[in-house]
Protein chains: 4
Amino acid sequence: MDTERQAHLLGSAPGGTSAGTPTCAAPRRGRPRSEAAEQAICAAVERLMMDGAGLADLTVEGVAQAAGVGKATIYRRWPNKEAMLVDVVVRLDDPEPELAGRCAKDDLVTLLEHMRRRGLAKRSRWVLMVVFNQLHGLPALREVYYERVIRPRRETIRSVVERGQATGEFRADLDSEMLAEMLVGPMLVRTVLWDDAPLDDPGLSAAMVEAVLEGLGGPAHVRRAG
Amino acid sequence: MDTERQAHLLGSAPGGTSAGTPTCAAPRRGRPRSEAAEQAICAAVERLMMDGAGLADLTVEGVAQAAGVGKATIYRRWPNKEAMLVDVVVRLDDPEPELAGRCAKDDLVTLLEHMRRRGLAKRSRWVLMVVFNQLHGLPALREVYYERVIRPRRETIRSVVERGQATGEFRADLDSEMLAEMLVGPMLVRTVLWDDAPLDDPGLSAAMVEAVLEGLGGPAHVRRAG
Amino acid sequence: MDTERQAHLLGSAPGGTSAGTPTCAAPRRGRPRSEAAEQAICAAVERLMMDGAGLADLTVEGVAQAAGVGKATIYRRWPNKEAMLVDVVVRLDDPEPELAGRCAKDDLVTLLEHMRRRGLAKRSRWVLMVVFNQLHGLPALREVYYERVIRPRRETIRSVVERGQATGEFRADLDSEMLAEMLVGPMLVRTVLWDDAPLDDPGLSAAMVEAVLEGLGGPAHVRRAG
Amino acid sequence: MDTERQAHLLGSAPGGTSAGTPTCAAPRRGRPRSEAAEQAICAAVERLMMDGAGLADLTVEGVAQAAGVGKATIYRRWPNKEAMLVDVVVRLDDPEPELAGRCAKDDLVTLLEHMRRRGLAKRSRWVLMVVFNQLHGLPALREVYYERVIRPRRETIRSVVERGQATGEFRADLDSEMLAEMLVGPMLVRTVLWDDAPLDDPGLSAAMVEAVLEGLGGPAHVRRAG
DNA sequence: CGATAACCGAGACGGTACGTCGAGTCTTGGC
DNA sequence: GCCAAGACTCGACGTACCGTCTCGGTTATCG
């Protein structure tokens, strides 16, 4: 009766990403799942959340009603409310930007700037909120988000750093993990934790990159004045 | 019948912070509230959470049963489940450390080291988890935690910075807000978000302070080797 | 949590019928169950059924709503929909009549007449309908109804027969079981099975008693004409 | 697409009862309905019910699965679950016996004996159970069963009575309706209502006919001994 | 022989009700 | 007036069926 139900936990695209060879030879009998229903559910979740409803007000019954869909149609796709939320949230998240690649430092600024703008946009801000507010309660969300967002970002940063090292722009022993944390951490804190360290300043990203690379500094920095 | 109920939202000590004079002149007739019940509730919450239960599994009924207390006894103290959680969390949190004050940089390391050790201890790690995972859903928690933890820490950092500037240890234009964020942000990320950027390294705090002050650096840093 | 839940299956009166000694010495702590709620539920069931709704349309949710009661209040009293139905039905049933006792034959007529009138009254007709329509699906109903209705009636008939035998009105070897069946069976059939053998005839009961006692007869009955 | 669907409510044989000429001139293009599926459904219903399942446990989905048939195949034949049940029940019912016709009284005994044996056999007992337990809820069943079982039996009894009257075996004014009820009623009660008035006694039918014809009797019956 | 049409098993669809659980309130007897 | 116990209303949870609707595929008759 229940052929698959936790399919969406890792990698949401049905059919897989590997080319050519079909994942399942059995021709999947019966009426196929409605793509329309799936989109209606996602849209309903988004709409409900954008209408100011808190995360606790997000009801499976409410989503079903708002999407014009039966509850069973939701539970056929996800085993419970949390799994649905995880999957929808991940789908709603913005993709990472393409990096222009002029110089490594600019790429880091571009990346941070993307994060900053995500924090300003209502929808993606909500996505981040949900993610970081539910990580503890929903281990699955942590897993998925890490695989689909965090790890790619770290990879990106690492490649940028390597490029910068190759061109001599960065020191050869620059620790890309530490760099990633020191860039992403403060931006995340501003985005999801405190409203009073706002994201409005357009120069914020550049300032952060500058600070991380050059240091906020002790007196040794007087060399700058020289 | 129910004389007060949202007393605990700011400042949890009954009777207020001002010394001596009771807040209410009316002497509160009838049997006084049981201090034992209050502690039993806090202990029950702690015990339940330490036993691996997720935050979603924390129910008022469960707490009441675990504490050997009636549900009404809980609702007599807090207006709802969230308020109880906020209050208990704040009570369980560790106080900030006294700063030895040899040199400013060491004080920053001490402060970060305290955060790191909190992240390693099970109980305070859970407190941090709850706080940063529920900030969005519980505005009251944000308020209370900000007043009781975040603001004091920023103040502390600001005073350390000022001291460092006075002694010439730090540049005169060092932005203490930015410094706070760049120190606290990455440590928080390691603590509450991802398990794979661990806190085990005893030199972590010193390395972070060093990195923030001196920068992770571009090629200009070769001068260090000089 | 669930101290008692199948209490109503046999003997609906809480506290028992035995005199003096209390059934439970423990003083039953906590808020007692609302008698009003119980009656509201029964009334709601009756009202819903009288409004032409079929048995299949009788919903626990509907009953709860009609009674102004939470579903939990129903499920606190009965373990499921069927048990509730059984209990309510038995409560709604009319009690057996007092038998005047002039002569045994008249008592039998009185008894049958009571059945006939029950079949004509809307409410008790519905009770009978439910009972006889659900006996197969609800073994509990069979049990309860037998103990509370059928067996008492058989006892009554037996005592009437014995009285008639004592006065010489009946043969000494009259089989009271057989008599009960031959009186009750046809009346039940008219009541619950077929509409076209109606109960309107006021002389029906007397005719049935006469027929059962004297026989519908072969030619020997010409003595009647004499 | 759906040319006919309530065909089975009266007269289950497709094609109608009139001989030769097909009811519909249009020759029903396309693949004809599978006779095998139809039988599988009936068999599945019978099997499920014989396995001790209650009537409430009989679901369309369960029947479809047990029969190895799609749900649509069921709904193509009957408009809903109840219609299916009615039709299957009628098909499973045993036909009435041929009456030997020696003397009228023996015929009545034969008829009752057939009923008694049906009540003893598991399958036909279940059929009777369902019929008499669902008459209230399923008006269609009442209709069909009356036409196909009850009315013929009454006709049979009436003809037997008329024959008995013609031969002088019975009184001329014997009410055949009353007789039918007084014979059938008690036997039905024993069969479908109470287990404790069993059907095992092989002499039961004869005793019943005797009782109905001769009466259970008051003291006047002492004349029999004379 | 190919097109057409209705069939077939499988299973997803929108609904409705089930029985459970928890939130926050109310009501007992007893301290 | 507090306390433990537990009933109260309300509403969401996740499950099961109902009757309908596609899917891909099969099996008849018609043209």
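Just so it is clear, the model here is predicted, and its values are computed rather than measured. In what follows, chains are A, B, ... by sequence order, proteins preceding strands, each numbered from 1.
No side-chain heavy atom of D:W78 sits less than 4.5 Å from a side-chain heavy atom of D:V86. Looking only at side-chain heavy atoms (C-beta outward), A:M84 and A:N80 stay at 4.5 Å or farther from each other.
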Name every donor-acceptor pair, under 3.5 Å, that has one atom in a side chain of residues 42-59 of chain B and the other anywhere in the protein, sequence neighbours excluded.
| residue | atom | partner | partner atom | Å |
| --- | --- | --- | --- | --- |
| B:D57 | OD2 | B:G54 | N | 3.2 |
| B:T59 | OG1 | B:G62 | N | 2.9 |

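Atom CD of D:Q39 and atom P of E:dC8 are 13 Å apart (whole Å). With rounding to whole Å, D:Q65 atom CD is found 16 Å from F:dC18 atom C1'. Note: CD (A:E35) to P (F:dC21) measures 22 Å, nearest angstrom. Look at CD1 on D:I74: it is 13 Å from P on F:dT20, rounded to the nearest Å. Atom CZ of D:R29 and atom C1' of E:dA3 are 9 Å apart (whole Å). In this structure, C:R77 atom CZ and F:dG6 atom C1' are separated by 12 Å, rounded to whole Å. Atom CG of C:D57 is separated from atom C1' of E:dG15 by 15 Å (rounded to the nearest Å). Atom CZ of D:R31 and atom P of F:dA28 are 7 Å apart (whole Å).
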If you restrict it to nitrogen or oxygen atoms, what contacts under 3.5 Å exist between nucleotides 9-13 of chain F and the protein, and what is each distance?
| residue | atom | partner | partner atom | Å |
| --- | --- | --- | --- | --- |
| F:dT9 | OP1 | C:G68 | O | 3.4 |
| F:dT9 | OP2 | C:G70 | N | 3.1 |
| F:dT9 | OP2 | C:T73 | OG1 | 2.3 |
| F:dC13 | OP1 | A:V60 | N | 3.1 |
| F:dC13 | OP2 | A:V60 | N | 3.0 |
| F:dC13 | OP2 | A:E61 | N | 3.1 |

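Distance from the side chain of A:E82 is smallest to F:dG14 among F:dG14, F:dC30, F:dA5.
With sequence neighbours excluded, the residues satisfying salt bridge (Lys or Arg N to Asp or Glu O under 4.0 Å) with A:E61 are A:K71.
Nearest-nucleotide positions on DNA chain E for C:P32 and A:G30 put A:G30 closer to the 5' end.
Taking every heavy atom of both residues into account, D:R77 and D:S34 meet most closely at NH2-O, 2.9 Å.
Rounding to the nearest 0.5 Å gives a distance of 10.5 Å between CD of B:E38 and CD1 of B:I74.
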